Amino acid sequence: MDLSRLNPEQRDAVTAPRGPLLVLAGAGSGKTRVIIHRIGWLLAQGASADSILAVTFTNKAAAEMKGRLLRLAGPVAAQVWVSTFHALGAEVARHDLFRLGWPKRFAVADAGDQLALVRRLSRSLSVDGRALDARRVVAAISRAKNAGVVPEPSPEGQGDDYDVIAREVLPLYQRALRAQGAVDFDDLILLPLQLFNAYPQVLARWRRRFSTLLVDEFQDTNRPQFDFVRLLAGKRRDVCAVGDDDQCIYSWRGAEVRNILDFHRSFPGTQEVVLGRNYRSVAPVLAAAGAVISVIPNRRPKLLSAERPHGLPVQVVVLPSEEDEAAWVALGVEKRLGEGVAPEEVAVLYRTNGQSRPFEESFRARSLPFEVVGGSEFFQQRDVKDVVAYLKVLANPSDEVSLLRIVNVPARGIGDATMERLLQHAQSQGLTVQASLDVAGAVEGLAPGAAMRVHSFSQLVARMRERLRREPMGQVARSLLSEIGFAEETRAGAKDAGVAQARMRSVEGVLASLEAYQSREGPKADLISWLNRLSLDARQEEESPERGRVALMTLHAAKGLEFKVVFLVGLEEGFLPHSGMQGQPPNLDEERRLAYVGFTRARDELILTRAATRMRRGREVPRTPSRFLLDLPGVGVETLDLTAAAPTPPGPAQPTVFARLKEQFRSSGGAERGSA
DNA sequence: TGCAATATCATTTTT
DNA sequence: TGATATTGCA
């Protein structure tokens with residue numbers, strides 16, 4: 001193991017004796033590098049590769065870590081288990097969840113499934129006469145579940161209305177999930193915890209399996225995840241936790257910074273290493289980031305030293321409108337690419353997924369290669385959701401949420417009234433909804449015509465399920481779609497041919513992914529495992545990480561990554577800091593940390609942009625600059641205001657705006673500035 | 001019952 | 001602005 005390229009602190013962390021170890025690593029201080037090298041060092045010390053477990057939060061981080069590990073330590077590293085918390089939980093559940101009453105092959109409910117289920121369960125409930133916001137109920141349910149393994153009765157009147165409602169809905173929700181043989185994302189951690197607590201032999205087995213744990217981004221663990229780690233570590237307590245309290249950006253998901261700040265209290269005798277040298281960003285970028293984060297009270301003060309003292313100043317650019325912002329960024333990107341910067345070294349970061357649209361359009365207009373990372377937009381598309389729901393119904397007869405979604409898609413004369421009857425019947429007879437469909441003929445009060453249509457639908461499902469036993473699942477899926485006339489339906493429903501084509505392409509993407517999975521996994525591939533993969537890793541369509549493309553993504557998605565040039569856009573009040581949800585006060589400290597994470601992604605160049613006005617609900621609304629801009633230092637920051645010189649003419653966006661901007665971009669020097 | 005036209009209404013972040 | 005709930009008509 002070559003440790004010569006590590007600095008003394010990094011080397012301390014890498015070679016620390018086994019046992020509890022906390023690495024507090026400032027942004028860009030070589031955090032991942034330390035984890036990788038520590039694994040390499042452990043292997044060199046004779047640890048067996050398959051006894052090492054490295055846990056991360058995102059699949060992307062896991063894949064990245066695995067790749068770097070293989071490069072450092074060679075093929076033996078393939079045996080090291082690198083996984084996300086949720087994938088690990090799913091693995092534990094796969095073996096033993098039947099002990100808690102779930103079927104051997106359980107399904108994972110995704111956000112859409114949760115939403116649909118909660119909508120159904122809480123239809124009759126209301127707050128102040130207003131219908132419930134199902135998304136807030138889901139959020140509150142998740143909050144309640146993650147508050148602790150044992151739900152603690154909390155004093156009445158505490159928390160907002162939705163927390164109270166969640167307590168009411170939670171038992172129904174949980175029962176419904178179990179009845180459908182499904183778990184949600186939170187359960188992937190909570191249920192394994194329950195297993196560990198209730199079945200010592202299960203815990204013992206996993207403890208035997210892994211003797212060493214390494215956890216990245218520890219500041220983002222929530223209480224159940226922390227308990228999971230602690231239980232798994234057992235008496236050996238061989239846990240290496242790596243993280244940075246300044247980068248805690250998931251407190252809305254229950255992340256407890258205390259898990260990292262009080263680590264030594266849970267693991268007495270912890271050795272602590274602080275990594276404070278930043279090798280990533282040039283000094284002006286680091287100074288700006290430091291200025292934004294240092295305002296937060298009660299943080300553990302850190303000195304991040306800049307190891308790259310020289311560099312371009314941070315640029316702040318004000319544009320007249322959001323189109324102009326997008327056009328200007330596209331031009332800036334084009335310019336860098338022209339200078340030889342690789343596309344994958346450039347990123348456009350924003351606070352919310354919804355902000356990506358104008359940039360996608362301006363990039364397309366300039367023919368720039370880009371990729372919208374995450375976004376999950378693909379699986380939000382109606383047709384994609386429909387197709388996936390069909391497959392879920394085939395895979396899991398008790399999946400009522402999906403069944404209700406597709407029973408009348410495309411319209412086949414099974415309307416609300418019919419379904420209402422069938423649901424009632426199922427309820428009163430103690431049948432599953434699926435079963436009540438199968439016996440539609442015998443259901444009281446159902447029109448004969450309706451019963452016949454229902455019958456032919458359940459025949460269709462039964463037939464497809466039967467074929468699934470013998471034929472490749474991709475083939476069955478295709479003939480299912482052709483049988484229900486999906487293509488024709490889509491063509492007829494779309495406004496124009498282009499839209500229809502795009503929608504068909506999406507569906508084709510699902511089928512292609514299914515078939516790819518099948519040929520990769522061979523005979524053991526089945527629908528349920530494909531569907532679980534789908535929910536655990538929504539980005540699995542592309543096998544190879546997109547090279548040669550500019551990344552467009554949220555600040556959250558950018559955590560842990562770095563780029564030569566970063567455009568952080570929309571630095572306006574309401575976006576960054578974000579204006580919270582419906583009157584709920586935003587967590588300003590967290591928004592600040594989010595900005596900090598964004599700033600520190602940049603190695604050479606950081607460009608902050610904002611628009612003076614933005615189309616909001618169809619109206620043009622003036623925008624206030626982000627308060628974070630006020631905290632920027634006077635030195636090493638350069639402001640470029642393009643609003644006064646380029647007033648946006650009224651009416652629809654005009655090509656002249658763009659042309660004028662382009663001209664200005666050239667004459668103002670754009671990015672051609674001397675070093676600071 | 002189904003579907004089209006009309007009213008309403010919200011707007012984070014992710015596994 | 002664009003997506004979804006609701007109404008009203010066939």
Side-chain angles (χ1 to χ4, degrees), chain A residues 55-62 83-90 108-111 114-115 119 123 130-131 133-136 138-139 142 146 183-190 217 220-222 224-225 248-255 322 349-355 357-358 373-376 379-382 408-421 446-447 449-450 453 492-493 532-540 553-559 570 574-584 586-587 590-591 593-595 597-598 614-621:
Chain A
V55 184
T56 64
F57 275 83
T58 66
N59 297 297
K60 196 182 216 173
S83 164
T84 65
F85 268 108
H86 294 268
L88 178 65
V108 179
D110 63 26
Q114 284 180 288
L115 207 58
R119 259 197 257 267
R123 191 159 295 165
R130 295 170 62 86
D133 181 342
R135 280 175 316 165
R136 291 181 71 180
V138 171
S142 173
N146 284 316
V183 303
D184 65 18
F185 282 115
D186 297 323
D187 289 336
L188 286 175
I189 310 296
L190 294 173
E217 308 284 11
D220 285 324
T221 54
N222 62 22
Q225 286 162 337
C248 174
I249 55 175
Y250 283 103
S251 61
W252 51 276
R253 224 175 58 189
E322 55 190 334
L349 307 183
Y350 35 76
R351 173 71 235 268
T352 68
N353 281 307
Q355 289 168 263
R357 192 58 47 87
V373 177
S376 70
F379 290 97
Q380 308 270 17
Q381 288 175 42
R382 182 198 287 264
N408 201 30
V409 176
R412 51 170 73 86
I414 304 175
D416 295 342
T418 305
M419 283 317 292
E420 202 54 51
R421 279 269 145 63
L446 205 60
R453 292 191 288 269
N532 284 344
R533 241 184 104 88
L534 214 58
S535 22
L536 282 175
D537 183 5
R539 280 188 309 282
Q540 53 95 57
M553 63 184 130
T554 64
L555 290 167
H556 283 89
K559 195 179 64 160
F575 273 147
L576 193 64
H578 195 268
S579 51
M581 222 170 105
Q582 291 191 3
Q584 298 302 115
N587 182 342
E590 179 137 325
E591 296 298 316
R593 289 193 292 268
L594 215 34
V597 167
R614 221 169 259 278
M615 295 302 278
R616 221 55 184 162
R617 275 194 258 163
R619 293 249 154 272
E620 188 172 86
V621 178

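Each chain gets a letter, A, B and so on, in the order the sequences are listed, and its residues count up from 1. These values consider heavy atoms only, across backbone and side chains, with no hydrogens, waters or symmetry-generated copies. Since we're looking at a predicted model, the values are computed, not measured.
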Taking only nitrogen or oxygen atoms into account, show me every contact under 3.5 Å that the protein makes with nucleotides 2-6 of chain B, one pair per line with its distance.
residue, atom, partner, partner atom, Å
B:dG2, OP1, A:G413, N, 3.3
B:dG2, OP1, A:G413, O, 2.9
B:dG2, OP1, A:I414, N, 2.8
B:dG2, OP1, A:G415, N, 3.2
B:dG2, OP2, A:G415, N, 2.9

| Under the side-chain hydrogen bond (donor to acceptor under 3.5 Å, both in side chains) test, residues paired with A:Q114 that sit two or more places apart |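 Only A:Y173 meet the side-chain hydrogen bond (donor to acceptor under 3.5 Å, both in side chains) criterion with A:Q114.
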| side-chain hydrogen bond (donor to acceptor under 3.5 Å, both in side chains) with A:E590: which residues, sequence neighbours excluded? |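 Testing A:E590 for side-chain hydrogen bond (donor to acceptor under 3.5 Å, both in side chains), a comparison that skips the adjacent residues, returns A:S251, A:R593.
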| task | Using the test salt bridge (charged side-chain N to carboxylate O under 4.0 Å, His left out), find all partners of A:E322 that sit at least two apart in sequence or belong to another chain. | result |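 Applying salt bridge (charged side-chain N to carboxylate O under 4.0 Å, His left out) to A:E322 gives A:R614.
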| request: Quick one: list whatever passes salt bridge (charged side-chain N to carboxylate O under 4.0 Å, His left out) with A:D186, sequence neighbours left out. | output: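 A:D186 satisfies salt bridge (charged side-chain N to carboxylate O under 4.0 Å, His left out) with no other residue.
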| query | Can you name the side chain to side chain contact (heavy atoms under 4.5 Å, CB included) partners of A:R616, sequence neighbours left out? | reply |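 A:R616 satisfies side chain to side chain contact (heavy atoms under 4.5 Å, CB included) with A:F575, A:V621, A:R623 only.
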| task | Could I get the full list of side chain to side chain contact (heavy atoms under 4.5 Å, CB included) partners for A:A87, not counting sequence neighbours? | result |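 A:S83, A:T84.
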| note | Going 5' to 3' through nucleotides 1-10 of chain C and flagging B where a protein heavy-atom sits under 4.0 Å of the base, S where only the sugar-phosphate is that close, and - otherwise, we get B--SS-----
| request: Could you give the distance separating B:dT13 and C:dT4 at their P atoms, to the nearest angstrom? | output: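 To the nearest whole Å, 16 Å.
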| message | Taking donor-acceptor contacts at under 3.5 Å, does the side chain of A:R253 reach the base of B:dT15? | response |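 Absent.
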| said: Closer than 3.5 angstrom, by distance alone: can the side chain of A:N532 be matched with the main-chain N or O of A:V108 as a donor-acceptor pair? | reply: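 It does hold such a pair.
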| request: Under 4.0 Å between any heavy atoms, over every strand shown, what does A:Y250 touch: base, sugar-phosphate, or nothing? Just pick one. | output: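 Sugar-phosphate, no base atom in range.
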| message | Classify A:F85 by what it touches in the nucleic acid, base, sugar-phosphate, or nothing, heavy-atom distance under 4.0 Å. | response |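 The answer is nothing, as A:F85 stays clear of every strand by at least 4.0 Å.
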| B:dT14 phosphate, OP1 or OP2, under 4.0 Å from A:N353 side-chain N/O |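 So the side-chain polar atoms of A:N353 do come within 4.0 Å of the phosphate oxygens OP1 or OP2 of B:dT14, strictly under.
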| message | When you measure from the side-chain N and O atoms of A:T554 to the phosphate of B:dT14, is any distance below 4.0 Å, counting only OP1 and OP2? | response |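 So the side chain of A:T554 is within the cut-off, an N or O lying under 4.0 Å from OP1 or OP2 of B:dT14.
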| Test ring-ring contact (aromatic ring centres under 6.0 Å, His included) applied to A:Y250 - qualifying residues, sequence neighbours left out |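 Residues passing ring-ring contact (aromatic ring centres under 6.0 Å, His included) with A:Y250: A:W252, A:H556.
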| Can you tell me how far P of B:dT13 sits from CZ of A:R593, to the nearest Å? |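 One finds 18 Å between P of B:dT13 and CZ of A:R593, rounded.
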